[in-house]
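What follows is a single structure, written as structure tokens, with notes after it.
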Amino acid sequence: MHYLVTGGAGFIGSHLVESLLAAGNKVTIFDDFNDYYDPTIKRNNIASFKDKIEIIEADIRDAVSVDRSFAKGNFDTVVHLAARAGVRPSIADPKLYLTTNIDGTFNLLDACRYHNVKNFILASSSSVYGVNKKVPFAEQDLIERTISPYAATKLSCEQICSNYANLFGIRCTCLRFFTVYGPRQRPDLAISKFTRKILLGEPIDRYGDGSSARDYTYIDDIVSGILAAINYDKEEFSIFNLGGSATTTLNELISLLEDAIGKTAIINQLPDQPGDVPRTYADVSKSGELLSYFPQTPIAEGLRKYVQWFRTKHPELT
Ligand SMILES: NC(=O)c1ccc[n+]([C@@H]2O[C@H](COP(=O)([O-])OP(=O)(O)OC[C@H]3O[C@@H](n4cnc5c(N)ncnc54)[C@H](O)[C@@H]3O)[C@@H](O)[C@H]2O)c1
């Protein structure tokens with residue numbers, strides 16, 4: 001099978017590509033390699049397998065580049081991971097999020113339509129649930145309102161997928177990822193920032209009183225969920241939660257990281273951030289039943305693996 005993985009040089013994308021290659025597939029990645037934090041990150045993510053894949057270095061907002069890559073590619077499945085990710089930066093630059101995430105998804109679906117690609121996987125997000133009071137969050141819950149531009153773009157992308165499935169028979173499977181972590185994760189995420197700062201003995205920013213809670217999902221579990229979703233052909237349009245199905249408060253996360261690192265964190269107390277939801281918690285019973293998705297990595301174990309990886313990548317900090 002020939003896969004197009006957009007965002008294939010990113011955190012989740014690079015792990016997925018490795019698994020697809022290991023299973024003997026042909027993989028093309030479409031990524032603009034643009035990183036605000038460190039321009040080397042994306043290149044490093046794919047360094048170990050770059051000679052085994054086709055690389056299209058282009059922007060998903062550019063419909064002509066997207067269309068050209070489909071004209072050449074003859075793809076069986078598109079896994080669309082490329083996006084501007086993260087709640088807080090989306091408040092700082094909502095337009096970048098709207099154009100990248102919504103226009104980009106539209107361009108890819110349109111290319112599927114005109115080049116007869118019938119299987120499309122969308123990376124959506126737990127943030128679409130907004131301040132859902134019912135826990136755990138289930139796919140059929142009524143979403144009353146999102147509270148960040150990032151979440152609004154992801155909910156819009158799901159709806160665009162629904163249109164293309166209904167109108168053009170493109171099977172679209174939307175996966176709501178719950179805070180993904182593990183080796184190669186983005187440096188802007190809390191676990192990356194906390195690990196670095198605890199190792200350096202610098203204060204970490206704790207927003208709110210530490211009671212906000214997240215459902216953290218280890219990268220290997222996310223990849224197994226994506227692989228299962230690729231083969232799910234029972235519905236033309238579907239939505240699945242991919243989470244760890246457990247919640248960890250911010251205070252618990254800090255304490256688990258202290259254990260994994262073997263050092264105490266210095267806390268810099270800050271107010272709650274606008275756009276942050278108080279908690280996320282995935283009901284994964286639908287994913288378990290239809291995708292045989294059963295998360296395997298508890299947070300303490302995943303953090304230990306992450307810290308181990310971080311230390312090998314940053315020996316100067318250990
Ligand atoms: N990491 C998480 O916790 C999480 C949670 C929920 C949803 N998601 C979603 O999963 C997907 C992957 O996230 P990630 O954590 O791997 O992020 P990432 O930033 O590591 O990967 C995204 C990739 O998309 C590429 N990209 C961004 N804009 C592009 C553009 N205009 N054209 C082409 N490529 C572009 C980036 O270069 C990057 O390689 C995203 O859609 C994100 O919204 C992630």
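The chain is numbered in sequence order, starting from 1. Atom set for the values below is all heavy atoms of this structure, side chains included, hydrogens, waters and symmetry mates excluded. Read the numbers this way: they start at 1 and go in the same order the structure lists the ligands and their atoms.
Using a 30° and 60° split on the angle between ring planes, Tyr232 and Phe240 fall in the perpendicular class, above 60°. Classification of the Phe75-Phe70 ring pair by plane angle, with boundaries at 30° and 60°, yields perpendicular.
In this structure, Lys154 is part of the shell of residues with a heavy atom less than 4.0 angstrom from ligand 1. Between Ser126 and ligand 1 there is no heavy-atom distance shorter than 4.0 Å. Residue contacts with ligand 1: Ala9 is included, with a non-hydrogen atom under 4.0 Å away.
Note: an N/O pair closer than 3.5 Å links Asp59 and ligand 1 by distance alone.
For atom 6 (C) of ligand 1, the nearest non-hydrogen atom from the set Phe33, Phe177, Tyr181 comes from Phe177. With Ile219, Thr217, Leu81 as candidates, the residue nearest to atom 41 (O) of ligand 1 on a non-hydrogen basis is Leu81. Between the choices Arg184, Arg186, His80, Arg176, the shortest heavy-atom distance to atom 19 (O) of ligand 1 belongs to Arg186.
For CD of Gln308, the number of neighbouring non-hydrogen atoms (other residues, nucleotides, ligands) closer than 6.0 Å is 12 at most.
Every atom of ligand 1 is numbered from 1 in the order shown, and the set under 4.0 Å from a heavy atom of Ser124 is 6 (C), 7 (C). In summary, the atoms of ligand 1 found under 4.0 Å from a heavy atom of Gly10, numbered by their order in the structure, are 20 (O), 21 (O), 38 (C), 39 (O). Every atom of ligand 1 with a heavy atom of Thr179 under 4.0 Å away is listed here by number and element: 3 (O). Which parts of ligand 1 touch Ala58 is read off a 4.0 Å heavy-atom cut-off, strictly below it: atoms 32 (N), 33 (C). Atom numbering of ligand 1 starts at 1 in the shown order; those under 4.0 Å from a heavy atom of Ala85 are 42 (C), 43 (O). Under a 4.0 Å criterion applied to the non-hydrogen atoms of Thr100, ligand 1 contributes the atoms 28 (N), 31 (N). Heavy-atom contacts of Tyr150 reach the following atoms of ligand 1: 6 (C), 7 (C), 8 (N), 9 (C), 42 (C), 43 (O) (cutoff under 4.0 Å).
Nearest approach of Pro183 to Tyr218, heavy atoms of both residues: CD-OH, 3.5 Å. The two residues Arg61 and Leu96 have their closest heavy-atom pair at NH1-CD1, 3.6 Å.
The backbone N or O of Ile239 lies less than 3.5 Å from a partner atom in the side chain of Lys286, making a donor-acceptor pair.
Cluster partners of Leu189, using a side-chain heavy-atom cutoff of under 4.5 Å among ILVMFWY residues and allowing indirect links: none. Through ILVMFWY side-chain contacts below 4.5 Å, Ile266 is grouped with nothing and stands alone.
For Thr249 and Asn251, the side-chain atoms include no donor-acceptor pair closer than 3.5 Å.
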